[in-house]
Engineer: 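Supplied in structure tokens, the structure appears directly below.
Everything numeric in this text was worked out from a predicted model, so none of it was measured. Side chains are part of it too, since the values below use all heavy atoms of this structure and drop only hydrogens, waters and symmetry mates.
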Amino acid sequence: MDSPIAVDNVTATATLHYAGSLSSTITTLTSLPPKNATPVATTFTDSLRSLNSKTYPARVPIKVDHSLFFTVSLGVNPCPTCVNGSRVVAAINNVTFVMPKVSLLQAHFFNISGVFTDDFPRKPTVVYDFTGTQQPANLRTNRGTRVYRLPYNSTVQLVLQDTGMITPENHPIHLHGFNFFVVGRGQGNFNPKRDTKKFNLVDPVERNTVGVPSGGWTAIRFRADNPGVWFMHCHLEIHTTWGLKMAFVVDNGEGPNESLLPPPSDLPKC
């Protein structure tokens, strides 16, 4: 259970019988942990490691070029056409992403102006007790098609911080175009002085989707070696439609092997 919202917790139990197994084998039922047993889930998740072998090395970026801090939250914006005059939205760093009418990748490749801006904030503009009792009386978010620009082959550390805006909740965040290393996670507000010292830079798991704990944070690292425009969004689809997404623009490097390929000549345009 990742949020204080009532759910119909119907649990079913079944047994699985293998062909050829002894019919005299005794089936032993076990008791499931409570649905709110956060320590059980956290202990299991924290125990996961990558192989970090010669065949499967864990190339975790040690030097960080871009240190980012993104809050993941819900909000409420005015809506003149809605029944009660407002609607629930979602945001990263208080920016509710607005989908453009022209493809971001198309606008980037052909340098079409007016489609997006590259001023997505690297950290929240307002700092508060993210996971505590919410003080800000204004739940409104900013709307915009804003991206964060990364030079080719630059390294990124991104701390994703859940908030208690409306309700804390576990958000599965997915990044297109890259695998990343999950170097740290914890409950409450991220403390850079204390928590950074505990990062696993040796054998962290490599993922493309990670859950930001309810009322907690997750830290990831990756190398921006894939030029193009790449979405990062919550994989709760309703939250994505509400605007819990953003995009990274990774610029070209040197030469054709480090540059974005042109679209095929017969590709339909948006």
Side-chain angles (χ1 to χ4, degrees), residues 1-8 68-108 112-149 158-176 189 209-218 229-249 269-270:
M1 180 179 181
D2 63 2
S3 62
I5 300 175
V7 295
D8 183 9
L68 310 178
F69 185 89
F70 289 178
T71 56
V72 181
S73 64
L74 303 179
V76 178
N77 280 352
C79 176
T81 60
C82 297
V83 175
N84 61 358
S86 62
R87 66 183 301 175
V88 177
V89 295
I92 298 178
N93 273 358
N94 206 46
V95 177
T96 296
F97 194 88
V98 178
M99 290 294 290
K101 298 186 182 301
V102 177
S103 162
L104 291 174
L105 187 60
Q106 181 176 324
H108 168 61
I112 303 173
S113 61
V115 177
F116 64 83
T117 58
D118 57 2
D119 59 348
F120 191 89
R122 59 178 296 273
K123 61 182 180 180
T125 54
V126 177
V127 178
Y128 58 96
D129 183 0
F130 302 113
T131 57
T133 302
Q134 300 305 295
Q135 299 299 327
N138 184 7
L139 296 177
R140 291 185 59 172
T141 66
N142 299 312
R143 300 176 75 253
T145 308
R146 303 165 67 179
V147 304
Y148 191 93
R149 187 174 295 274
L158 171 57
V159 176
L160 296 159
Q161 173 73 62
D162 184 41
T163 76
M165 285 294 185
I166 301 183
T167 180
E169 190 170 0
N170 185 303
H171 295 273
I173 301 297
H174 174 60
L175 176 61
H176 290 220
N189 297 331
T209 307
V210 66
V212 180
S214 177
W217 56 271
T218 293
V229 183
W230 304 105
F231 265 123
M232 186 180 74
H233 62 92
C234 179
H235 237 307
L236 299 176
E237 272 66 24
I238 188 64
H239 288 178
T240 295
T241 64
W242 288 350
L244 209 167
K245 52 192 171 185
M246 57 83 64
F248 289 102
V249 170
K269 294 183 178 181
C270 294

Engineer: Looking only at non-hydrogen atoms, find the nearest pair between Gly216 and Gln161 and report the distance.
Structural biologist: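 For Gly216 and Gln161, the tightest heavy-atom pair comes out as O-NE2, 3.3 Å.
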Engineer: For His108 and Gln106, test the side chains for any donor-to-acceptor distance below 3.5 angstrom and give the result as yes or no.
Structural biologist: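 No - no donor-acceptor pair under 3.5 Å links their side chains.
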Engineer: Centre-to-centre under 6.0 Å for His233 and His176, is that the case here?
Structural biologist: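 Between His176 and His233, which both carry aromatic rings, the centre distance is below 6.0 Å.
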Engineer: Quick one: CZ on Phe70 to OH on Tyr148, what's the gap to the nearest 0.5 Å?
Structural biologist: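 Spacing of CZ (Phe70) from OH (Tyr148) equals 7.5 Å.
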Engineer: Determine whether a donor-acceptor pair (N or O, by modelled atom type, separation under 3.5 Å) exists between the side chain of Asn93 and the backbone of Pro121.
Structural biologist: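 The answer is yes, because a donor-acceptor pair under 3.5 Å joins these two groups.
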Engineer: Could you verify whether a donor N or O on one side chain and an acceptor N or O on the other, from Asn77 and Thr141, lie under 3.5 Å apart?
Structural biologist: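 Present: a donor and an acceptor within the cut-off.
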Engineer: Is the shortest heavy-atom distance from the side chain of Leu104 to the side chain of Thr145 under 4.5 Å?
Structural biologist: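 In contact.
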Engineer: Is Thr117 reaching over with its side chain to a backbone N or O of Arg146, donor-acceptor style, under 3.5 angstrom?
Structural biologist: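 The answer is no, because no donor-acceptor pair under 3.5 Å joins these two groups.
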Engineer: Which value, rounded to the nearest 0.5 Å, describes the distance between Leu160 atom CG and Leu175 atom CG?
Structural biologist: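 Answer for the CG-CG pair, Leu160 versus Leu175, is 9.5 Å.
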Engineer: If you take all heavy atoms of Ile238 and Thr241, which pair is closest and at what distance?
Structural biologist: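 In this case the closest contact between Ile238 and Thr241 is O-OG1, 2.7 Å.
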Engineer: Would you compute the distance between atom OG1 of Thr96 and atom CG of Asn142 and round it to the nearest 0.5 angstrom?
Structural biologist: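 If we round to the nearest 0.5 Å, Thr96:OG1 and Asn142:CG are 8.0 Å apart.
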Engineer: Can you find a pair of side-chain heavy atoms, one from Met232 and one from Ile92, that are under 4.5 Å apart?
Structural biologist: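 Counting from C-beta outward, Met232 and Ile92 do come under 4.5 Å.
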Engineer: For Arg149, does the CZ atom sit with more than 12 other heavy atoms under 6.0 Å from it, leaving out its own atoms?
Structural biologist: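 Yes, CZ of Arg149 has more than 12 neighbouring heavy atoms, counting only those of other groups under 6.0 Å.
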Engineer: Answer yes or no: is there a side-chain heavy-atom contact under 4.5 Å between Phe248 and Leu68?
Structural biologist: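 In contact.
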Engineer: Which value, rounded to the nearest 0.5 Å, describes the distance between His171 atom NE2 and Ser214 atom OG?
Structural biologist: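 The distance works out to 7.5 Å.
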Engineer: What heavy-atom pair brings Pro213 and Asn170 nearest, and what distance separates the two atoms?
Structural biologist: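 What the structure gives for the nearest pair is CA-ND2, 3.9 Å.
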Engineer: Taking the six-membered ring where the residue is Trp, are the ring centres of Phe97 and Phe120 under 6.0 Å apart?
Structural biologist: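 Ring centroids of Phe97 and Phe120 are no less than 6.0 Å from each other.
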Engineer: Any donor-acceptor pair under 3.5 Å linking the side chain of Thr131 with the backbone of Asp162?
Structural biologist: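 Judged by distance alone, no pair lies under 3.5 Å.
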Engineer: How many angstroms lie between atom CZ of Phe231 and atom CE of Met246, to the nearest 0.5 angstrom?
Structural biologist: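 Rounded to the nearest 0.5 Å, the CZ-CE separation comes out at 10.0 Å.
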Engineer: Given side chains that start at C-beta, do those of Leu74 and Leu139 come closer than 4.5 Å, heavy atoms only?
Structural biologist: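 Counting from C-beta outward, Leu74 and Leu139 never come under 4.5 Å.
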Engineer: For residues Thr163 and Ser73, report the shortest heavy-atom separation together with the two atoms involved.
Structural biologist: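 That closest heavy-atom pairing would be OG1-CB, 3.0 Å.
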Engineer: Looking at every heavy atom in both Pro168 and Gly215, which two are closest together, and how far apart are they?
Structural biologist: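 Reported closest heavy-atom pair: CB-N, 3.9 Å.
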Engineer: List the atom of Ala91, the atom of Leu244, and the distance in Å for their closest heavy-atom pair.
Structural biologist: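 Result for this residue pair: O-CG, 4.0 Å.
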Engineer: Quick one: are Met165 and Thr71 in side-chain contact, heavy atoms under 4.5 Å?
Structural biologist: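 When only atoms from C-beta onward are counted, Thr71 and Met165 do not touch, as no gap falls below 4.5 Å.
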Engineer: Under 4.5 Å between any side-chain heavy atoms of Thr81 and Arg87, yes or no?
Structural biologist: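 No, their side chains stay 4.5 Å or more apart.
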